[in-house]
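Here the structure is laid out as structure tokens; the discussion comes afterwards.
A, B, ... follow the sequence lines: proteins, then strands. Residue 1 opens every chain. Since the model is a prediction, treat every value here as computed from it, not as a measurement.
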Amino acid sequence: MDDFELELKTTFIDEAILNLEEVEGCFMELEGASDPKDLLDKIFRLAHNLKGGSRSVGFGDVATFTHEVENLVLALQKGKVTLTSEVVSTLLQSNDRLVEMMHSLKQDMSATFNNDEILIDIRGWVEGRTASEAAPKESPVVAKNIEESTSADASEVNAHVIVSAEVLESTIEASSSAMNEPKDILPPNAASFFADDEFASSETSEVPGVEQAIAAQDVASFGLGIAIASAQNSAESPAKDAVSVGPASATTKQDLKSDSNSAQKSQKPQASVGKTEKEDEVVRVSLSRIELLNDYVGELIVLQSVIQQQSLRGDPLKLQNSIQEMVKLSKEIQNLSMGLRMLPVKPLVQKLQRVVRDTATTLGKNVRLDIQGDQMDVDKSVLDQLGDPLIHILRNAVDHGLETTDERATTSKDPQGVVRLAFQNEGNHLIVEIRDDGKGINTEIVRKKAIEKKLVSANENLTEKQIINLIFHPGFSTKAVTSEVSGRGVGMDVVKTNVEKIGGQVDVTTELGHGSVFRLKIPLSLAVVEGLVMATNRGRFVIPLSQVHETVNLDSVKVHPNMLGIGDCMELRGEVVPIFRLEKLLEPKREESSQKDSTALLFAVEERMIAVSVKELLHSQQVVIKPLNNGVQAQTGWIGSCVLGDGLPTLILNPVELLEGKVGSAVDQLERRKSA
Amino acid sequence: MSQNTLENRYMEFTLGDQFFALPLISVKEVIQKPEVTSVPNMPAHFEGMMNLRGKIIGVFNVRKKLGVKKLAEKSGEKSNTSPEVVVVVEQNGISVGMLVDEVTKVIHATEDMLKQAPLKDDDASKKFILNVE
């Protein structure tokens, strides 16, 4: 394969994956659409592009498969097949399959595919049967023949092209309607195989056969493919460019298979897929943004030489002004370059829609997903971490939250359950709210289950909030039986871990009988944080300002040394707050210094106020988070590192994580003493 | 075989009064020891982290790791020991600083000049060391 061809194929695959994403969105919309005409037109166009494109670059299997999908879409367009959610399911499966094929092709350009199972379904719909009725007897043979014909020797295929070309000529007048006729697609030799079959008796059924032959020939002759594909385009209704070679496109790593329960495992590509290389991720950026960035950088260069000259001339006032200007300029540049990392949440939302739909279908529930604010942009690293938690929360909302349709009827609720997914900005944070109108979380059941699992003791006095937070405990599940959808008890744990990993918080509120709300508060960007710089006897550390609830001068409050055997505590507005020394938290085994800490930072951990004391607070500043991967292994409670104003590196800490596990026992003891 | 390939060249450095060498190909740069920030909960031979032009890398004290004594400690002289430098090595995209006493020279050694280390057959010692005069 020469470089040109390889590049053409790679571009095609990247583009196809993007297209398929768009198509998936269309399929999802189809289900609720009152007038699906425009959507179907769009899908048809996209499918057609894909078919033409795949054929011209020599992916015969893809073209063959897309053709069948296209037929089904045509049938829908013509109203021959009614649009039901089962049809949409088949379409979505086909879409998954195509995405899978694209990914396999990316690994191995010569991969071949066996799509029998989905093809049976698709043909079933086109022929007006239901998927389950689709005869298992004949279809594998058809598929086999397709395979044969696509890989057949050129002479045989050529012969068929000549023969079928006559047919094409004679029917070209009627072709636009005839070809749109939803008929079974049979390759030429299959047509003769089925000569006495009711499906293969008319001329029209042979016309699509031409396409099969052409498709097969394309495998052999790449150059010819374009011509034929475009000739075909003129024969069929929408005249479109057969080869769509667009700008290199972003590939989003969405493993659609993992979240679609209906994805058929038996349909693994035949190609051996061994994905070892880590792909460099790609982000799409508008040209205007880059131009703006270039402009600013240009200005920076000019300013730099200005400063150089001014420093030689020795006019401190002018120099100061220029430096001021440079500060402003570099802020602008920073904002812009950060903006390059911002991606729309829309593709993620699309994936989530799919998850809700699949979950609801598996469970036989009637669910509507309302979405608000999906036109937001979020930092890529945040977006990457957000997917899994949201999938788990939504699945939970559909499975545990919403009642079955029957149950809803008895409680006089709308039989259709509603899950609302809302994105909004709140200062420097992204708020994601998932609200369902289901039965809510029964705190009594959660409590019982937690006692059963020995997460809490039976006589423990817990607030409602604390009980609800038990659902985030690893291994916790109220479901008696583990189902395909949920019940293993890992989901909520993943939610909490992932969200906290990106510096966010999860908050759950629930009302029995009316539903629950999951609220995720996540910093919009991870790369730069406003940090509080502090000193301990073991050096300086940075803590993100957003996590600090309050700072207290320890001289101004009453500190009880080693109170009630749980360590130092302070009295703050009538509350007793335990104090942990930061240096002790970081290095429990090391001997503490005798020097007293001057300041305490207050953090909300597990709904309780906890103080962490440090030697002194230095200042607050914006810090750029740098990953710890060069010889320093990140540990619990470490977010990363940054460089302070004096050029020295410092660790950025997550005190909530540091405090985890230590707080419970101290506070429990405190409360026990209080009640005693 | 070319004499000047990077593969058979080694950078020689000292720890105390002993000589060691590193394959030159893994060495990125050698810099004066910068100020290093200590990191909690790390083994004793971990010196801390340093800022290498905006990239933060860990610095390991090779002398402590290998258990070689400082020159001054050994002879009982007053300190003002040998200058310390950081050798930045890179492997698999990860950069790490190695704190050594002094980099002395680059030596050339073909494979037949290397001798098996007189060490036991366990993992840590199963590597080549140069015989240095």
Side-chain angles (χ1 to χ4, degrees), chain A residues 276-278 280 330 334 337 527-528 533-543 581-593 612 614 623-655 657-658, chain B residues 11 13 15 20 22-23 25-67 84-101 103 124 127:
Chain A
T276 45
E277 266 176 67
K278 194 176 170 248
D280 190 18
S330 44
Q334 191 209 350
S337 75
V528 175
V533 188
M534 60 207 60
T536 71
N537 292 306
R538 299 276 305 129
R540 294 179 301 179
F541 296 95
V542 174
I543 289 176
R581 289 191 85 171
L582 185 60
E583 47 180 293
K584 190 84 185 159
L585 281 174
L586 286 169
E587 290 181 294
K589 285 178 212 118
R590 206 185 176 94
E591 192 150 330
E592 280 178 80
S593 64
V612 172
V614 296
V623 293
V624 179
I625 302 181
K626 299 181 185 265
L628 289 164
N629 54 6
N630 287 307
V632 190
Q633 233 28 239
Q635 297 181 12
T636 329
W638 298 7
I639 295 171
S641 56
C642 63
V643 177
L644 293 183
D646 54 9
L648 286 178
T650 307
L651 281 182
I652 308 171
L653 303 174
N654 178 353
E657 229 177 270
L658 277 176
Chain B
M11 193 192 75
F13 60 91
L15 298 174
F20 297 86
L22 273 170
I25 196 160
S26 63
V27 176
K28 272 282 167 225
E29 58 186 305
V30 180
I31 48 173
Q32 282 298 319
K33 186 194 173 189
E35 210 173 321
V36 170
T37 308
S38 73
V39 176
N41 259 341
M42 284 296 199
H45 67 266
F46 185 81
E47 195 72 16
M49 51 188 185
M50 61 170 268
N51 176 10
L52 179 72
R53 295 184 299 275
K55 193 167 162 185
I56 289 165
I57 67 172
V59 180
F60 294 87
N61 189 321
V62 186
R63 206 184 52 233
K64 279 186 190 160
K65 174 75 187 171
L66 296 178
E84 287 183 310
V85 291
V86 173
V87 180
V88 180
V89 294
E90 193 185 285
Q91 205 154 34
N92 304 328
I94 291 173
S95 305
V96 172
M98 294 170 66
L99 187 66
V100 304
D101 284 353
V103 171
K127 44 193 158 178

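- Both the backbone and the side chain of B:M49 come within contact range of chain A, judged by heavy atoms closer than 4.5 Å.
- In this structure, B:N51 CG and A:K626 NZ are separated by 7.0 Å, a value rounded to the nearest 0.5 Å.
- Heavy atoms from other residues, nucleotides or ligands lying under 6.0 Å from CD of B:E35 number 12 at most.
- Counting only heavy atoms from C-beta outward, the side chains of B:V39 and A:S641 never approach each other to under 4.5 Å.
- Interatomic distance, CD1 of B:I56 versus CG of A:L651, reported as 8.5 Å (0.5 Å rounding).
- Remark: A:N537 engages A:E583, A:S593 in a side chain to side chain donor-acceptor pair (under 3.5 Å) (not counting sequence neighbours).
- The list of salt bridge (Lys or Arg N to Asp or Glu O under 4.0 Å) pairs with a residue in residues 641-650 of chain A, not counting sequence neighbours, reads A:R540-A:D646.
- The candidate from B:P34, B:G48, B:G93, B:P40 with the greatest count of non-hydrogen atom pairs under 4.5 Å with chain A is B:P40.
- Taking every heavy atom of both residues into account, B:T37 and A:P649 meet most closely at OG1-O, 2.6 Å.
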